Amino acid sequence: QPDVPMNVAATLHGHGKLKDWQDHVAQPCLDNPVLMFSIMLGLAGPLLKHCQVETGGFHLYGVTTSGKTTAAQLAASVWGCAADPQEGPEVTSLRKWYTTGNALESLAEVHNDMLLTLDEISEVDPQALGQIIYQLAGGLSKGRANAGGGLRGMRAWRLLFLSTGEKSVRQMLAQAGQLQKGGQRVRLPDIPVDNDEDGSRAIVLDPGQKNPKEFIQDLKAACAKHYGLAGPTFAAYLIAQAEQLGVHELAGQLREDLHSLETILSQGVEDKLPPEGRRVIRRFALVAVAGLRAGTEPGMAGILRWDMSQILQAIQHVRDRWLSDQGAEHSETDRGLAHLRNQLMRHGDRFRWIGGTVNRAPARDLLGFRVADYYLLTEEGMRELCGEHDMRAVLRALKVQEYLWHDAGRLTRKSPKIEEFGHTRPNLYWIKVQFLGETAEFDTEEDKVLGEPMLVPPAIKQRDIPF
C-alpha cells in the first residue's frame, strides 16, 4: 500500500452513473479539441503497458482564465472526484504542483496506470522543476536508506500526467536560469492554449447554446457530481478483452492500433518534428488509441460517443498547438546555435578589435577578438557562450553550415598577430559575422551620422589582418 494520506486514495472513487457522466461531462466537449483531448488522455493510462509507451505527460499553459483547470478537471473525472481545487481541495483528485519530491513519488504510485493531474505549475520551485520532470517520468523513486542502513523498498509507477499553468515549462526553467533540455521537452511537452491572434479563450471553441463562461461553469459543476466511472469501465473492458482474446493477442492489436495512428499523426508534419518529436507523437497516438477503444463502434467499450474522425481532428488540433510552440530550432543543435547567436549579440562589447581602439574590454571579461568578418573566440569564451549546450556539436554544425573558418582537420585556426600574445599565435574559433544574419546597412542619412556599422568598422578591413 503506498505511503500516502488516506484521503488521497479516497478521492479516486466513483459517483453517479456513467450515462450522466457521458451526457453532462463528455458529450458537451464535442468540437472542443483540448477538452476532448483531456478526457481521452485520462483514459489512456491502462494502455501504457500493453502498448509499450513510456511514462510522460503534457503541459497546458496560457492566461489565468483560459480554462486550463477545467481541462484538468475533465481528465481527472475519468478516475475520481474532479471538483475544482479552489472549491473542494479536501475531496478533489486534482493535485497541486506545490508538493515535495517524496510526496510526489507517493502520489505517482497511487495513480499507477491512471492519470495524475498537477495544477498551477507556477507553485513549484523553478530550480527543482527540471529534476522533478525527470523524476516523475522515470517511474522509480530515489534509493533511500532505512534506519538500519539498508535500502528501503523503492516505489514504482507507470502513468500519464497532465500539468497546467500560466507559464510554459520553458519559461519556468528560464526563470531559474536553466535551459530546457530535449529530455524535458519529450517528457512534458508544452501546449499553448491561447489563440495567437488575441489571447482569447481558446480552450472553448464551441460552447453550444451557452456563452463560454456559463459553459465552463456547467462543466465544472458536472465534474464535481459525475465522476470516477469512465476509467474503471474502460479498465473492465480491457480485462474482458484480455480474457476473451488472450493478453498477448490484445497487446498485439493495441500496438497495431498505435502504429497506425502514429503514422496518421506524423503525416504532413515530418519536417516540423524535432528529433525527440517522434516520442511525443507516439504519446499523442496512445491518446488516440484510448479514444478509439473507448468509442461506440462494435467491439469497443461504448464510453465515448465520438466517431474516429472527430477523435483524430481533436488530437491533430492539439498536436498542431504543440508544434506551433517548437519555434524554428527543432533539434538540440539548432537550439545551441540559436543560443550562441543570442549570446554573441548580447556580449559584443566583450570582444577586442585587433589593431583598433574600439571595445577595449578588460582582459578578465574578454571572450575573444574581432576582425572585419569574424569573431575569434578563445576556448573559455566559446564554452561560456555555448552555456549548457554541447560545444563540440555546435562547432560541428557551424562547420557544416560554413560559418566556421578552420585549419584542415581542426575546428580552430591560428590567431593573427596580437600584441598581448607576443610571438605566440594561439588557436581560436573563427566564426563568421554572417552567422548573426545579414550585415547591417544604414537606410537614412540620420543613421549614417550616428555611426558606422559596428560589424565592419572602417579602420579595419579584411586585407589588413596580419597573418
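Residue numbers count from 1 along this sequence. Everything numeric here is computed off the predicted structure, so don't read it as measured data.
Side-chain polar atoms of Trp79 and Ser93 form no donor-acceptor pair below 3.5 angstrom. No side-chain N or O of Gln326 forms a donor-acceptor pair with one of Lys272 less than 3.5 Å apart. Side-chain N/O atoms of Arg278 and Ser266 include a donor and acceptor closer than 3.5 Å. For Gln171 and Gln175, the side-chain atoms include no donor-acceptor pair closer than 3.5 Å. Looking only at atom types and distance, the side chain of Arg95 has a donor-acceptor partner in the side chain of Thr11 under 3.5 Å away. Side chains of Tyr429 and Glu379: a donor-acceptor N/O pair is present below 3.5 angstrom, by distance only.
For His15, the NE2 atom is loosely surrounded, since the number of other residues' heavy atoms within 6.0 Å does not exceed 12. Atom CD of Gln27 is surrounded by more than 12 heavy atoms from other residues, nucleotides or ligands within 6.0 Å. Within a 6.0 Å radius of CD in Glu380, other residues, nucleotides and ligands contribute 12 heavy atoms or fewer. Atom NZ of Lys49 has 12 or fewer heavy atoms from other residues, nucleotides or ligands within 6.0 Å. Heavy atoms of other residues, nucleotides or ligands lying less than 6.0 angstrom from CD of Glu270 number more than 12. Under a cut-off of 6.0 angstrom, the local environment of OH in Tyr134 is crowded, with over 12 non-hydrogen atoms contributed by other residues, nucleotides or ligands.
Considering only heavy atoms from C-beta on, Leu340 comes within 4.5 Å of Leu398 through its side chain. Residues Trp21 and Thr233 fail the side-chain proximity criterion, which asks for heavy atoms closer than 4.5 Å. For the pair Thr92/Gln73, no side-chain contact is recorded, criterion being any heavy-atom separation below 4.5 Å from C-beta on. By the 4.5 Å heavy-atom criterion applied to side chains, Val53 and Arg279 are not counted as neighbours.
Under the 4.0 Å criterion applied to side-chain N and carboxylate O atoms, Lys210 and Asp218 are assigned as salt-bridge partners. A salt bridge does not link Asp194 to Lys68: none of the charged side-chain nitrogens sits closer than 4.0 Å to a carboxylate oxygen. Note on Arg350 versus Glu384: salt bridge recorded, some NZ/NE/NH1/NH2 to OD/OE distance being below 4.0 Å. Using a 4.0 Å cut-off between a side-chain N of Lys or Arg and a carboxylate O of Asp or Glu, Arg321 and Asp325 do not qualify as a salt bridge. Between Glu276 and Arg282, none of the side-chain N atoms (NZ, or NE/NH1/NH2) sits under 4.0 Å from a carboxylate O, so this pair counts as no salt bridge.
For Tyr227 and His13, the ring centers are positioned less than 6.0 Å apart. For Phe58 and Phe284, the gap between ring centers is short of 6.0 Å.
Below 30°, between 30° and 60°, or above 60°: for His339 and His389 the angle between ring planes is between 30° and 60°, a tilted geometry.
Residue Arg392 holds its CZ atom at 14.0 Å from OG1 of Thr333, rounded to the nearest 0.5 Å. Taking NE2 of His259 as the reference point, atom CG of Asp257 lies at 11.5 Å (rounded to 0.5 Å).
The backbone N or O of His59 sits nowhere less than 3.5 Å from a side-chain atom of Ser163 that would complete a donor-acceptor pair. With Asp31 contributing its side chain and Asp206 its backbone, the two residues share no donor-acceptor pair below 3.5 Å. A donor-acceptor pair is defined here as one N or O able to donate and one able to accept, closer than 3.5 Å; such a pair exists between the side chain of Asn32 and the backbone of Leu205. Remark: side-chain polar atoms of Asp113 are not paired, donor with acceptor, to backbone N or O of Pro46 under 3.5 angstrom. No donor-acceptor distance shorter than 3.5 angstrom exists from the side chain of Arg293 to the backbone of Ala301, with no hydrogens or angles considered. Judged purely by atom type and a 3.5 angstrom limit, Arg341 uses its side chain to pair as donor or acceptor with the backbone of Phe435. For Thr55 (side chain) and Leu159 (main-chain N/O), a donor-acceptor pair under 3.5 Å exists by modelled atom type. Looking at Arg283, its side chain does come within 3.5 Å of a backbone N or O of Gly57 through a donor-acceptor pair. Here the side chain of Gln22 pairs a donor or acceptor atom with the backbone of Gly302 at under 3.5 angstrom. Remark: the backbone N or O of Gly183 is paired with a side-chain donor or acceptor of Arg187 at under 3.5 angstrom.
Residues Gly14 and Leu229 share a closest heavy-atom pair of CA-CD2, 4.1 Å.
Tested against Glu388, the residues Arg335, Lys181, Gln178 include a single side-chain hydrogen bond (donor to acceptor under 3.5 Å, both in side chains) partner, Lys181.
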